[in-house]
Protein chains: 2
Amino acid sequence: MARPKKRLGKKAPQITYRSKSATRKEEIIKITAQLFSEKSYHDVTMDEIAEKVGVAKGTIYLYFESKEKLYLEILEDRHEAIESLLEKEIAKSDPAPQKLRKILRIIFKFYRQNLDVLRILSRDETHLIREHYEFTEHWRLRRIKLYEKILEKGVKEGSFLPTNIKLTSQLIFGLVRSVMFFYKTDKSAEETAEEVFSVIARGILANQDEENNKDKDIGSKGNEVNLG
Amino acid sequence: MARPKKRLGKKAPQITYRSKSATRKEEIIKITAQLFSEKSYHDVTMDEIAEKVGVAKGTIYLYFESKEKLYLEILEDRHEAIESLLEKEIAKSDPAPQKLRKILRIIFKFYRQNLDVLRILSRDETHLIREHYEFTEHWRLRRIKLYEKILEKGVKEGSFLPTNIKLTSQLIFGLVRSVMFFYKTDKSAEETAEEVFSVIARGILANQDEENNKDKDIGSKGNEVNLG
DNA sequence: TGTAAATAACTGACCAGTCAGTCATATTTT
DNA sequence: AAAATATGACTGACTGGTCAGTTATTTACA
């Protein structure tokens with residue numbers, strides 16, 4: 001056991017003590033969420049977090065057992081927030097189109113206000129920590145299941161076309177994420193949600209019957225996209 | 001400075017020599033692309049690449065100046081492949097819906113055969129190397145522009161509804177990516193493309209006029225996105 | 001034999017996590 | 001009320017390991 005050497009002259013620490021597990025932890029989460037949304041997991045160092053929070057590195061380890069756990073806690077924290085909002089909404093008994101519309105509104109609104117988590121959640125990092133992968137996959141699957149439920153309901157009610165439900169859910173998931181993430185606009189979250197709903201609902205074709213079934217030569221002829 | 005010691009007895013290298021910059025480089029790219037698609041940039045080490053390629057680490061540096069450059073070259077390599085396919089297609093003068101349909105087919109087909117690049121390109125790692133960010137953004141913007149072009153054409157022709165084109169392009173981009181990435185199916189790429197086209201084209205609503213305008217209590221009435 | 005290609009030991013920077021020690025405050029003792 | 005003692009939040013130098021990139025040396029072959 002090495003004897004700790006006398007500390008060489010250091011700047012006097014200027015500390016405001018707080019009761020543990022109260023504000024400190026939240027403060028760390030808040031600032032770290034911001035950092036993780038700006039840079040990748042590996043590019044955020046514990047030293048940097050400590051510096052930004054204004055605390056010594058060791059302190060972080062009093063509240064979080066590891067970097068991974070800190071990361072995961074941020075995710076879980078916000079995930080529960082949106083999930084409980086959605087839960088409340090699906091419990092209601094609106095007709096399916098209405099339901100979808102409202103769900104979209106909630107999602108758009110929430111992520112407008114939580115862009116940092118969105119950025120973290122939306123990274124398709126199927127890598128990183130195993131737990132992170134499992135977490136985001138779980139989150140994705142759950143959201144898709146939600147869309148599937150609504151679509152099934154709509155088809156039963158006769159308000160939705162009997163399309164391929166699995167595919168359509170996946171498609172809605174992706175489209176929502178993409179718009180949230182990249183679409184820059186001055187419009188309110190509600191308006192954007194409504195616009196998105198419109199496209200999903202009606203599609204883009206002007207004349208439904210006329211143009212749609214022209215080219216049905218799938219899989220067969222020509223067009224042999226040999227990759228380069 | 002430690003003198004490099006005499007090389008201690010080592011397994012005799014069993015090498016098939018090739019002319020430089022020929023097969024070697026392609027081989028490295030191929031195997032590394034696979035690795036990068038399985039793990040994140042930071043989790044793939046140069047040592048691992050060397051081992052998998054069956055070559056000494058130093059050798060890789062004869063062909064690529066750095067890890068970043070190697071990564072970027074993989075991206076560019078495949079990017080050009082798909083881009084030239086798309087280029088050929090948009091040069092044709094099909095009506096817009098046809099065009100969109102064909103583009104979707106090309107994209108789905110290409111990425112079926114190049115799942116590894118898709119995985120790399122699709123990571124929303126707005127982080128990592130600056131150049132990687134710029135590359136994927138450039139790639140995304142370009143693809144979105146392509147959709148915008150087709151949509152504009154369609155609106156002019158009267159085959160597409162005058163929706164919010166920027167939003168719709170973004171939406172198509174996201175939806176395509178999501179389906180390519182996550183949607184598991186036995187169907188051919190062409191069939192999947194066709195299904196996706198159907199949803200984009202017709203939407204999911206069974207009765208276009210009846211259900212759509214029920215809930216218009218959104219903040220600002222004026223919603224200029226009149227889709228009909 | 002000369003040189004291009006390949007090797008693998010080596011270096012140095014970086015970083016997550018540790019732990020001996022500090023110090024403001026709370027509690028107990030005198 | 002003052003002094004002695006205990007508490008625990010906080011600190012930051014340090015460690016052990018990892019990894020991108022370098023370089024001295026060896027090998028293949030024209």
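For the numbers below, each heavy atom of this structure counts, side chains included, while hydrogens, waters and symmetry mates do not. Per chain, numbering begins at 1; letters A, B, ... match sequence-line order. Because the structure is a prediction, the values reported are computed rather than measured.
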**Message:** Please classify the nucleic acid contact of A:V53 as base, sugar-phosphate, or nothing, using heavy-atom distances under 4.0 Å.
**Reply:** nothing
**Message:** Without decimals, in angstroms, what is the distance between A:Y41 OH and C:dA16 P?
**Reply:** 8 Å
**Fill in**
From the candidates C:dA16, D:dT11, D:dG21, the one with an atom nearest any side-chain atom of A:V55 is D:dT11
**Fill in**
Per atom distances to the B:Y63 side chain, the nearest of D:dT11, C:dA6, D:dA20 is C:dA6
**Fill in**
To the nearest angstrom, the CG-P distance between A:D47 and D:dT11 comes to 13 Å
**Item:** Interatomic distance, A:E65 CD vs C:dT18 C1' [rounded to whole Å]
**Value:** 14 Å
**Request:** May I have the distance from B:R24 (atom CZ) to C:dA4 (atom P), rounded to whole angstrom?
**Result:** 18 Å
**Asked** Just to confirm, is there a sub-4.0 Å distance from OP1 or OP2 of C:dC15 to any side-chain nitrogen or oxygen of A:T45?
**Response** no
**Asked** Who are the side chain to side chain donor-acceptor pair (under 3.5 Å) partners of B:Y183, not counting sequence neighbours?
**Response** A:N164
**Atom pair distance, as rounded to whole Å: OH in A:Y61 and P in D:dC14** = 18 Å
**Message:** Ignoring hydrogens, what is the shortest heavy-atom contact between A:Q98 and A:D94? Give both atom names and the distance.
**Reply:** CB-CB, 3.9 Å
**Asked** Within 45° of the six-membered ring axis of A:Y61 and under 6.0 Å from that ring's centre, is NZ or CZ of A:K67 located there?
**Response** no
**Prompt:** Taking atom P of C:dT18 as reference, at what distance in whole Å does atom CG of A:L62 sit?
**Reply:** 11 Å
**Asked** What do you reckon, are the aromatic ring centroids of B:H79 and B:F135 less than 6.0 Å apart?
**Response** yes
**Asked** Can you find a donor-acceptor N/O pair under 3.5 angstrom joining the side chain of A:K57 to the base of C:dG17?
**Response** yes
**Request:** Taking all heavy atoms of B:A50 and all of B:A56, pick out the closest pair and write down the distance.
**Result:** CB-C, 4.0 Å
**Request:** Figure out the CD1/P separation between A:I60 and C:dC19, and round it to whole Å.
**Result:** 17 Å
**Distance, rounded to the nearest Å, where A:K25 contributes NZ and D:dG8 contributes P** = 18 Å
**Message:** When you measure from the side-chain N and O atoms of A:T59 to the phosphate of D:dA9, is any distance below 4.0 Å, counting only OP1 and OP2?
**Reply:** no
